[in-house]
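Working notes for the structure below.
Just so it is clear, the model here is predicted, and its values are computed rather than measured.
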Amino acid sequence: MSILKVDNLCKNFGGVRAVDGLNFEINQGEIFGLIGPNGSGKSTTINVICGLYQPSEGSIFLEGKKINGLKPNQCVDVGISRTFQNIRLFGDLTVWQNLWVAWRDDKNNQSSWFSNWFGRSETQEKLISELLNFSGLESRANDLASNLSFGEQRRLELARAVASKPKLIFLDEPAAGMNKEEVKELRERIFRLRDLGITIFLVEHVMDLVMNVSNRITVLNFGKAIAEGDPESVQKDKSVQEAYFGQ
Amino acid sequence: MDYYLGILQTIGVHTLLGLSAYILLLTGQVSMAQIGFFAIGAYSSGVLTVIFSWHIYPALAFGAFLASFFAFLVGFPALRVKGLMLVIATIAFSEIVRLITFNFVWMVEKDGIMVGADGAQGFREIRYFTTNGWESSQVVLLIWIFVVIVMAMLWWLDRVKAGAVLRAVGNDELAAQSSGIDLTTVKVAAMTAGGFIAGLGGGLYAHAVSYVDHITFTILMATFAISYPILGGTKNVFGTLLAVIFIQGILIEAFRFLEDWRLIIFGLIIILVMNFMPNGLVSLFNSRKSKKGT
């Protein structure tokens with residue numbers, strides 16, 4: 001079953017066409033990779049789907065419902081969350097508070113308006129500490145986010161994206177700047193999220209990661225999809241090799 | 001004695017004004033509108049006690065609510081502008097309010113004398129406290145009770161999710177929005193709360209000094225309002241109080257002999273604090289604490 005469908009998506013910046021007629025469909029529970037050389041429009045694609053930019057043309061459907069023109073916070077309401085290429089945390093807040101701010105209760109077990117904004121429930125505390133364990137940040141819960149190391153910041157940002165209980169997470173280059181060991185940990189985390197039923201949209205330059213985890217991959221160049229398919233067929237594709245290495 | 005009570009009164013009122021700017025600064029909004037809300041609170045509660053002979057508490061509450069209503073209205077257009085543009089837009093609001101008080105005439109005869117607001121002559125005879133036999137020490141106590149209540153509420157706010165959300169918006173609007181926070185709700189709510197606190201401060205001030213006019217509400221006061229939390233730092237509510245004590249108690253009062261030079265020193269202190277204590281005056285205390293700890 002498809003969870004996200006993108007139909008003829010275009011985004012223009014002045015005269016530049018950053019995304020040009022993109023079509024793809026993501027199935028429930030899969031890990032979908034989007035790769036491409038620098039400036040090929042990967043981040044723009046995420047930003048358009050997550051509501052940062054309005055699409056110039058085309059439509060976006062989440063579970064069959066059109067979500068064009070939603071604001072970023074409304075995208076979170078419908079079940080989409082994301083991380084950023086250049087990490088964006090709340091530096092003056094503690095690690096725990098970073099997750100608290102993004103936290104959403106389960107749909108069928110929501111606390112009242114007042115206790116959401118002015119209270120703190122035990123289940124909430126328990127679940128947030130579980131999330132901290134998941135990210136390996138339990139010992140840093142009360143430290144300011146700005147005092148974390150680079151790898152910890154990446155982990156916290158991923159945990160914050162999970163805190164809003166999304167159906168679909170967009171990861172914008174989550175492995176950038178990570179060493180081999182950290183990439184391995186990240187891969188485990190991505191698999192665990194998938195096992196929880198969260199669909200993953202992965203934009204990544206680290207080929208080792210994206211080729212190993214993705215079910216399907218789309219390759220972007222100059223805003224256009226030049227190849228799609230499973231990791232092996234994409235790797236062998238001639239036009240992909242040309243886009244990355246030249247003719 | 002009266003001299004010290006006067007200083008305490010000024011520090012109390014200015015703390016309320018500074019705290020009203022503090023809550024906005026948490027969301028990253030630098031507002032010069034606080035003195036406008038202060039003026040609305042001062043004039044409306046003054047009209048109620050003087051012309052309609054209301055009791056002081058409902059009059060103060062009405063002034064605060066009216067100011068927060070205007071803050072709510074200012075909050076929406078303020079969403080569209082940021083940084084310097086917001087500063088200019090909110091200066092415009094404060095000036096509009098000031099010019100309205102400058103032209104505002106509403107006088108009635110009471111016990112043979114004309115009372116009420118008289119345009120450029122200002123609003124005289126806001127004498128609720130003296131006619132009801134309040135000592136000036138009691139007035140100062142009342143102001144400080146409100147200061148403590150407001151500070152306690154803001155302190156509590158920092159311990160619940162709403163406070164964390166305010167700071168999240170101030171840290172990174174884009175990340176906050178992408179974490180599901182509705183910027184409109186948060187920023188307008190902060191503006192409304194700030195308007196309430198400023199309006200309360202204005203009502204207390206007008207009754208404590210018994211006379212206000214448009215000169216009370218100039219841009220200089222708006223600058224003071226926003227510089228308290230900037231100077232004190234937004235780490236917690238005590239920064240603002242500390243900055244008010246420092247500016248009003250030490251700089252303005254203890255250095256009276258320096259006359260107008262004090263304003264230059266004021267500017268200099270802000271520049272120095274921003275350079276050497278980016279977290280504000282509160283870091284004076286925090287750094288000492290952390291040194292003890294290690």
Would you please indicate if the ring centroids of B:Phe37 and B:Phe196 are separated by under 6.0 Å?
-> no

Mind ranking A:Trp103, A:Trp117, A:Phe90 by heavy-atom pairs under 4.5 Å with chain B and telling me who comes out on top?
-> A:Phe90

Among A:Asn98, A:Val76, A:Leu52, residue most engaged with chain B (heavy-atom pairs, under 4.5 Å) | A:Val76

Which donor-acceptor pairs under 3.5 Å do the side chains of residues 164-176 of chain B make with protein atoms, sequence neighbours left out?
unit_1: B:Arg167; atom_1: NE; unit_2: B:Asp158; atom_2: OD1; d: 2.9
unit_1: B:Arg167; atom_1: NH1; unit_2: B:Thr234; atom_2: O; d: 2.8
unit_1: B:Arg167; atom_1: NH2; unit_2: B:Tyr22; atom_2: OH; d: 3.3
unit_1: B:Arg167; atom_1: NH2; unit_2: B:Asp158; atom_2: OD2; d: 2.7
unit_1: B:Arg167; atom_1: NH2; unit_2: B:Thr234; atom_2: O; d: 2.9
unit_1: B:Arg167; atom_1: NH2; unit_2: B:Lys235; atom_2: O; d: 3.2
unit_1: B:Asn171; atom_1: OD1; unit_2: A:Gly91; atom_2: N; d: 2.8
unit_1: B:Asn171; atom_1: OD1; unit_2: A:Asp92; atom_2: N; d: 2.7
unit_1: B:Asn171; atom_1: ND2; unit_2: A:Asp92; atom_2: OD2; d: 3.0
unit_1: B:Asp172; atom_1: OD1; unit_2: A:Arg88; atom_2: NE; d: 3.3
unit_1: B:Asp172; atom_1: OD1; unit_2: A:Arg88; atom_2: NH2; d: 3.3
unit_1: B:Asp172; atom_1: OD1; unit_2: B:Leu174; atom_2: N; d: 3.1
unit_1: B:Asp172; atom_1: OD1; unit_2: B:Ala175; atom_2: N; d: 3.0
unit_1: B:Asp172; atom_1: OD2; unit_2: A:Arg88; atom_2: NE; d: 2.8
unit_1: B:Glu173; atom_1: OE1; unit_2: B:Lys82; atom_2: NZ; d: 3.2
unit_1: B:Glu173; atom_1: OE2; unit_2: B:Lys187; atom_2: NZ; d: 2.8

Under 4.5 Å from any heavy atom of chain A - which part of B:Thr184 = side chain

For A:Phe150, which residues count as a ring-ring contact (aromatic ring centres under 6.0 Å, His included) partner, sequence neighbours excluded?
-> none

Region of A:Phe118 in contact with chain B, defined by heavy-atom distances below 4.5 Å | both

Give the C-alpha distance, both sets of side-chain angles, the deciding distance and a yes or no for ring-ring contact (aromatic ring centres under 6.0 Å, His included) between B:Phe224 and B:Phe266.
-> CA-CA 10 Å; B:Phe224 270 123; B:Phe266 176 58; 4.9 Å; yes

Can you name the residues of residues 190-203 of chain A that have some heavy atom under 4.5 Å away from a heavy atom in chain B?
-> none

Decide yes or no for A:Lys5 and A:Phe24: does some side-chain heavy atom of the first lie under 4.5 Å from some side-chain heavy atom of the second?
-> no

Report yes if some heavy atom in the side chain of A:Ser129 is under 4.5 Å from a heavy atom in the side chain of A:Glu138; otherwise report no.
-> no

Heavy-atom neighbours of A:Glu130 CD exceed 12 at 6.0 Å = yes

Hey, which of B:Asp182, B:Leu157, B:Leu183 has the most heavy atom pairs under 4.5 Å with chain A?
-> B:Asp182

Mind checking what makes side-chain contact (heavy atoms from CB on, under 4.5 Å) contact with B:Ile269, not counting sequence neighbours?
-> B:Leu231, B:Phe246, B:Leu251, B:Ile265, B:Val273

